[in-house]
Amino acid sequence: MIGKNFGKFLGLSACASALPQLEKQNCSALQVHAHRGGAGLRPESTLYAFAYAMDIGADVVEMDTLFTQDEVTKLDIRYPNETLPIEHYVNRIVPIIKDYDMLDRVYIQSFDWRSIVGIKTKYPETRVNALIDESLVDIVEATFGTDWVTAASFIGAQAICPGHGSPFGNGDEGFTINTPNYIPFTTKEMVERAHDLGMKLIVWTVDDESTIEKVILDGVE
């Protein structure tokens, strides 16, 4: 993965906080993911943003994948609501990654678990993560007939990637543990369950110190 200076800075700054229990956490194991190359710092999902993320020492660069009208794969966030059939993602993304000899450095993750199943079926060597928030739990569990953490393990996910929580548990983004009516989604019990099933738990998007401290105590990667 990419350099670890930023990850160490962020993790250790949390460990040095006033909460004594954080001192017992293995903060050196934390990873810092640059969402779309660093949302809010540079133009998202651009080479400029990715270079900046590397400069500040992010461990992982996350990016969105879309297709142009003539079905050329590109990175863009201007049309987030336009999603092509699952087959486009299953059939086209992994060959591109292989062409650049990057398969051992990439994880493919999706909120639409059908694409994860399709990719793992066609390219079983591909590493995949299962994204989820509170609004998708019922859909996933109805589809797979079991609890969603078990379902993620069943489809071959290396990690589950839940949101940290939201007001009233509705899955909305952009809030903190100090938001009124906040209900945590990621919990210590969820982390332990994922680990018991051989998966990591990588929480998204955690942008404030209080919430960072909370998920560190939960034991997330």
Revision key, fill the gap. To the nearest 0.5 Å, atom NE2 of His35 lies from atom CD of Glu44 at 7.0 Å
Review point. When clusters are formed by joining ILVMFWY residues with side-chain heavy atoms under 4.5 Å apart, either directly or through shared neighbours, do Val191 and Ile212 land in the same one?
Key: yes
Check your understanding: Any sub-3.5 Å donor-acceptor pair from Asp59's side-chain atoms to Val32's backbone N or O?
Key -> yes
Practice item. Examine Tyr182 together with His164 and report whether their ring centres are nearer than 6.0 Å. Key: yes
Practice item. Please check if atom CG in Leu47 has more than 12 non-hydrogen atoms from other residues, nucleotides or ligands closer than 6.0 Å. Key: no
Study note, to complete from the structure: Minimal heavy-atom distance between Ile155 and Trp113, with the atoms involved, is CD1-CE3, 3.8 Å
Review point. Do Ile96 and Val90 share a hydrophobic cluster, counting only Ile, Leu, Val, Met, Phe, Trp and Tyr and linking them when any side-chain heavy atoms are less than 4.5 Å apart?
Key: yes
Point to revise | Residue pairs involving residues 115-124 (criterion side chain to side chain donor-acceptor pair (under 3.5 Å); sequence neighbours excluded) | key: Asn91-Lys122, Ser110-Ser115
**Study point:** Val220 backbone acceptor or donor facing Asp218 side chain under 3.5 Å
**Key:** no
Point to revise | Interatomic spacing from CG in Asn178 to CD in Glu209 - rounded to 0.5 Å | key: 11.0 Å
Exercise for review: Would you confirm whether Thr211, through its side chain, and Val206, through its main-chain N or O, come within 3.5 Å as a donor-acceptor pair?
Suggested key: no
Exercise for review: Apply salt bridge (charged side-chain N to carboxylate O under 4.0 Å, His left out) to Lys98 and list each qualifying residue two or more places apart in sequence or on a separate chain.
Suggested key: Glu125
Review point. Any salt bridge between Lys200 and Glu221, counting N to O under 4.0 Å?
Key: no
Practice item. With the side chain counted from C-beta on, respond yes when Phe144 and Val117 share a heavy-atom pair under 4.5 Å apart, and no when they do not. Key: yes
Check your understanding: Any idea which heavy atoms bring Ile183 and Phe168 closest together, and the distance?
Key -> CD1-C, 3.5 Å
Review point. What closest approach, in Å, do Ala159 and Met199 show between heavy atoms, and which atom pair accounts for it?
Key: CA-CB, 4.3 Å
Point to revise | Sole residue of His33, Glu62, Gln109 in side chain to side chain contact (heavy atoms under 4.5 Å, CB included) with Cys161 | key: Gln109
Check your understanding: More than 12 non-hydrogen atoms from neighbouring residues, nucleotides or ligands closer than 6.0 Å to CD on Glu173, yes or no?
Key -> no
Study note, to complete from the structure: Heavy-atom nearest pair, Tyr107 first then Val128, reads CD2-N, 4.4 Å
**Study point:** CH2-CG distance between Trp204 and Leu131, expressed to the nearest 0.5 angstrom
**Key:** 7.5 Å
Practice item. Measure the OG1-CD1 distance between Thr126 and Ile119 for me, rounded to the nearest 0.5 Å. Key: 7.0 Å
Exercise for review: For Asp99, look at atom CG and say whether over 12 heavy atoms of other residues, nucleotides or ligands are found less than 6.0 Å away.
Suggested key: yes
Check your understanding: What is the minimum heavy-atom distance between Phe175 and Asp172, and which atoms define it?
Key -> CE1-CB, 3.7 Å
Check your understanding: Is any side-chain heavy atom of Leu201 less than 4.5 Å from a side-chain heavy atom of Thr186?
Key -> yes
Exercise for review: Could you pull out the closest heavy-atom pair between Ser153 and Leu197, with the gap in Å?
Suggested key: OG-O, 3.8 Å
Review point. Considering only heavy atoms from C-beta outward, does the side chain of Ile116 approach that of Ile108 to under 4.5 Å?
Key: no
Exercise for review: Answer whether the closest heavy-atom distance between the side chains of Arg36 and Asp64 falls below 4.5 Å.
Suggested key: yes
Review point. Should Leu217 and Lys188 count as side-chain neighbours, where that means a heavy-atom distance under 4.5 Å?
Key: no
Revision key, fill the gap. Across all chains, not counting sequence neighbours, the side-chain hydrogen bond (donor to acceptor under 3.5 Å, both in side chains) partners of Thr150 are Asp147, Arg193
Check your understanding: Side-chain heavy atoms under 4.5 angstrom apart, residues restricted to Ile, Leu, Val, Met, Phe, Trp, Tyr: same cluster for Phe50 and Tyr48?
Key -> no
Revision key, fill the gap. Output for pair (Leu30 CG, Ile202 CD1), nearest 0.5 Å, gives 11.0 Å
Review point. Do Trp148 and Ile160 have side chains that get closer than 4.5 Å, going by heavy atoms?
Key: yes
Review point. What distance separates Arg114 CZ from Ile86 CD1, expressed to the nearest 0.5 Å?
Key: 4.0 Å
Check your understanding: Any side-chain heavy-atom pair from Ile132 and Phe185 closer than 4.5 angstrom?
Key -> yes
